[in-house]
Amino acid sequence: MSKKILLTGIKPTGKMHLGNYLGVIKPALLEAKNYQNFFFIADYHAVNQVREAKQLREDIYQVTAVWLACGLDSEKYIFYRQSSIAEICELAIVLANVTSKGLLNRGHAYKAAMEENLKNQNDPDKGVSMGLFNYPLLMSADILLFNTDVVPVGKDQVQHVEIARNIAEAFNRLYGQVIKLPLAKVNKTVEVVPGIDGRKMSKSYRNVIPLLEEGKKVKKAVMKMVTNSQTIDEPKDPAQSNVFSLYQHFSNSLEQEKLMEKYRAGGMSWGEAKTILADKIIDYFADFKKKYDLIKNERAYLDEVLHKGAEKARKVASGNLALVKKKIGIL
Ligand code: TRP
């Protein structure tokens, strides 16, 4: 029996952080056991944000090395760069013809940009590129080309997966049941990964704790976490603490019980609580970091891994695209 298909991508736009790991990488790799898997680097998606070739190239290698270091098995799973699969772009062109503009008008990134412009009494489309507007269309092609069943994503990407579903339905209405309808799978933890300022951890808030960086940098970010102003002696409520909330992702229940007692007993400063957290994070990632340091500058190796993955992905992609092209009368 053939397995269902799981697919997800990460955009290479700057340094990866704990939110990426807990929200996408970890849950996706856990789910992977039950599926046939496609993991990719969404490099064409990043062009809309990263305007420097050198930077983008670095970011692509970084994301690649992080995925591999965190346990992505590139022999078992198909791991590739979006830009290696020209069929994705071809499918995006085809899908554009069954996608109503109104559907993309509702895309949250486009809407946010437009509302910001209106607030500032600018032209609503000021600074809006077609790359931004079409982002959900390209993402739909990423997903639909591989007949994906499930897409593990953070909460902010659910709308995009729903748009992909709508586009697939529009295509199927015209041409028959050709494209599979995908479903988003959201990991609940992603909603509660706090950044150092207490808001959701996100690059755009500049509140991240870096992933697989030097221990010093991890510690520095953790020590900046916002807390209340309770003194050392005061008992602290773990349920109300960002510091404890983050600790839970990296510890077992026994460790959590013990630390909760320490919080409630009083006598522990926030500095100490943060040190405990930082050490825990560093310890949790120690093996991943070793692997990361080993491969992060092995560019030929990383290229080779992605190249092999692209060959596998292209086989599936070209077969599926050919079917679509037949259905529409191009082939
Ligand atoms: N838009 C996703 C993000 O910003 C990345 C992405 C691109 C993606 N294409 C995808 C995720 C397809 C899942 C499936 O995180």
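Just the heavy atoms: all of them, side chains too, but no hydrogens, waters or symmetry mates, feed the values below. Whatever order the structure lists ligands and atoms in, that order sets their numbers, starting from 1.
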Identify all pairs of nitrogen or oxygen atoms, one from ligand 1 and one from the protein, separated by less than 3.5 Å, and list them with distances.
{"residue": "ligand 1", "atom": "1 (N)", "partner": "Y135", "partner atom": "OH", "Å": "2.6"}
{"residue": "ligand 1", "atom": "1 (N)", "partner": "Q157", "partner atom": "OE1", "Å": "2.8"}
{"residue": "ligand 1", "atom": "4 (O)", "partner": "Y135", "partner atom": "OH", "Å": "3.2"}
{"residue": "ligand 1", "atom": "4 (O)", "partner": "Q157", "partner atom": "NE2", "Å": "3.4"}
{"residue": "ligand 1", "atom": "9 (N)", "partner": "D142", "partner atom": "OD2", "Å": "2.7"}

Exercise for the section: Answer yes or no: is there a donor N or O on one side and an acceptor on the other, between the side chain of N122 and the main chain of L118, under 3.5 Å? Expected result: no
Exercise for the section: Evaluate whether atom NZ of K280 has more than 12 neighbouring non-hydrogen atoms of other residues, nucleotides or ligands under 6.0 angstrom away. Expected result: yes
Problem - Pairwise side-chain contact, E169 with N166, heavy-atom cut-off 4.5 Å (strictly under) - result: yes
Problem - K291/D287 salt bridge by N-O under 4.0 Å criterion - result: no
Handout entry: Under 3.5 Å donor-acceptor, N242 side chain and P194 backbone
Key = no
Handout entry: Trace of the ring-ring contact (aromatic ring centres under 6.0 Å, His included) decision for Y77 with F38
Key = CA-CA 6 Å; Y77 308 151; F38 293 86; over 10 Å; no
